[in-house]
Engineer: 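Have a look at this one.
In what follows, every heavy atom counts, from backbone to side chain, and hydrogens, waters and symmetry copies are set aside. Letters A, B, ... mirror the listed sequences (proteins, then strands); counts begin at 1.
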Amino acid sequence: MMRHELERRLRRAPKSVARDESFSKAIRSIPKGKVATYGQVAAAAGYPLYHRHVAQLLRRTHVGLPWQRVVGAGGEIKLRFEAGMEQRTRLVMEGVKFRGKRVDMAEHQHVFKTWDFE
DNA sequence: ATCCTGACCCAAG
DNA sequence: GCTTGGGCCAGGA
């Protein structure tokens, strides 16, 4: 590949790559039986206001990540149809309880401690 | 540069 | 419980 092409990618990539890596670490730190919202993951990773990007990352690549533990504000599952059902099933299997449509956050909210994944 | 979109969020009504 | 409007950010067309 041409040199300037590589440089171009490296110049542009670092930020989002570092960000995604932080998101991944935060997500991996959520223990079984607990959940965190997109916004909380973003903030814990050091990027408040980047909740949409957490979703974008998960949409792209969720292999190797406990993706089911990331939910919308208030414990709402944001995936639609089958995908949503799968997430709910996975959470239930991990012992997470629901109150109607949402995760019982009072019971399963994960509180991030930055030292867990820094 | 502009416009659109998204596994978002939140305050109002 | 809704629905709406606004705000937020980056990536793609």
Engineer: Which heavy atom in A:Ile30 sits nearest to a heavy atom in A:Ala36, and how many Å separate them?
Structural biologist: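 Taking every non-hydrogen atom into account, CD1-CB, 3.8 Å.
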Engineer: Taking the side chain of A:Ser16 as its heavy atoms from C-beta onward, which of C:dG11, B:dC8, C:dC9 lies nearest to it?
Structural biologist: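 Of C:dG11, B:dC8, C:dC9, C:dG11 is nearest to the side chain of A:Ser16.
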Engineer: Enumerate the residue pairs fulfilling salt bridge (Lys or Arg N to Asp or Glu O under 4.0 Å) with a member in residues 27-45 of chain A, sequence neighbours excluded, ordered by first and then second residue.
Structural biologist: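 Listed once each, the pairs are A:Glu21-A:Arg28.
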Engineer: For residues 41-56 of chain A, which side-chain donor-acceptor pairs fall under 3.5 Å, sequence neighbours excluded?
Structural biologist:
none

Engineer: Using a cut-off of strictly less than 4.0 Å between a heavy atom of the residue and any atom of DNA chain B, enumerate the qualifying residues of residues 61-68 of chain A by number.
Structural biologist: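 Heavy-atom contacts with DNA chain B come from A:His62, A:Trp67.
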Engineer: Under 4.0 Å from any atom of DNA chain B, heavy atoms only: list the residues of residues 39-48 of chain A that qualify, in numerical order.
Structural biologist: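 When residues 39-48 of chain A is checked for heavy atoms under 4.0 Å from DNA chain B, the hits, listed by number, are A:Gly39.
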Engineer: Before giving the answer on side-chain contact (heavy atoms from CB on, under 4.5 Å), spell out for A:Gln109 and A:Val103 the whole-Å C-alpha distance, their side-chain angles and the decisive distance to 0.1 Å.
Structural biologist: CA-CA 9 Å; A:Gln109 170 72 253; A:Val103 168; over 6 Å; no
Engineer: Determine whether A:Met85 and A:Ile77 fall in the same hydrophobic cluster, where Ile, Leu, Val, Met, Phe, Trp and Tyr are linked whenever their side-chain heavy atoms lie under 4.5 Å apart.
Structural biologist: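 Each belongs to a different hydrophobic cluster.
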Engineer: Quick one: list whatever passes salt bridge (Lys or Arg N to Asp or Glu O under 4.0 Å) with A:Arg99, sequence neighbours left out.
Structural biologist: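 Residues passing salt bridge (Lys or Arg N to Asp or Glu O under 4.0 Å) with A:Arg99: none at all.
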Engineer: In whole Å, what is the span from the CG atom of A:Leu57 to the C1' atom of C:dC9?
Structural biologist: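 Answer to the nearest Å: 15 Å.
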Engineer: Nearest 0.5 Å please: distance from the NZ atom of A:Lys97 over to the CG atom of A:Leu91.
Structural biologist: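 A:Lys97 NZ to A:Leu91 CG: 14.0 Å, rounded to 0.5 Å.
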Engineer: Report which part of the nucleic acid A:Leu49 touches: base, sugar-phosphate, or nothing (heavy-atom distance under 4.0 Å, all strands).
Structural biologist: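 Since only primed, P, OP1 and OP2 atoms lie under 4.0 Å of A:Leu49, the category is sugar-phosphate.
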Engineer: Could you walk me through whether A:Leu58 and A:Phe23 pass side-chain contact (heavy atoms from CB on, under 4.5 Å), step by step?
Structural biologist: CA-CA 9 Å; A:Leu58 258 36; A:Phe23 290 159; over 6 Å; no
Engineer: Write down the distance between CD (A:Glu76) and P (C:dT3), rounded to a whole number of angstrom.
Structural biologist: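 Result: 12 Å.
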Engineer: Roughly, in whole Å, what's the span from OH in A:Tyr50 to C1' in C:dG7?
Structural biologist: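 Distance, rounded to whole Å: 14 Å.
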Engineer: According to side-chain hydrogen bond (donor to acceptor under 3.5 Å, both in side chains), does anything in residues 69-88 of chain A pair up with another residue at least two apart or in another chain? List the pairs.
Structural biologist: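 Every pair satisfying side-chain hydrogen bond (donor to acceptor under 3.5 Å, both in side chains) with a residue in residues 69-88 of chain A: A:Arg69-A:Glu94, A:Glu86-A:Arg90.
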Engineer: Not counting sequence neighbours, which residues clear side-chain contact (heavy atoms from CB on, under 4.5 Å) with A:Lys101? List them please.
Structural biologist: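 None.
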Engineer: What is the distance from CD1 of A:Ile27 to P of B:dC8, rounded to the nearest Å?
Structural biologist: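 The answer, rounded to whole Å, is 13 Å.
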Engineer: List every contact pair, protein side and nucleotides 10-13 of chain B side both N or O, where the distance is under 3.5 Å.
Structural biologist:
none

Engineer: For A:Thr61 and A:Asp20: C-alpha separation, side-chain torsions, deciding distance, then whether side-chain contact (heavy atoms from CB on, under 4.5 Å) applies.
Structural biologist: CA-CA 10 Å; A:Thr61 96; A:Asp20 289 347; over 6 Å; no
Engineer: Tabulated below should be each protein N or O lying under 3.5 Å from an N or O of nucleotides 1-3 of chain B; please produce it.
Structural biologist:
none

Engineer: Give, ordered by number, those residues of residues 84-106 of chain A having at least one heavy-atom distance below 4.0 Å to an atom of DNA chain B; if nothing qualifies, reply none.
Structural biologist: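 Contacts with DNA chain B under 4.0 Å: none.
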Engineer: Could you tell me the separation between the CZ atom of A:Arg52 and the P atom of C:dC9, rounded to a whole number of Å?
Structural biologist: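 Whole-Å distance recorded here is 11 Å.
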Engineer: Pick the closest DNA chain C nucleotide for A:Gln56 and for A:His51 by heavy atoms, then say which residue is nearer the 5' end.
Structural biologist: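 Nearer the 5' end of the strand: A:His51.
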Engineer: Return the minimal non-hydrogen interatomic distance between A:Thr37 and A:Gln40, and the atom names on each side.
Structural biologist: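 Closest approach of A:Thr37 to A:Gln40: N-OE1, 2.9 Å.
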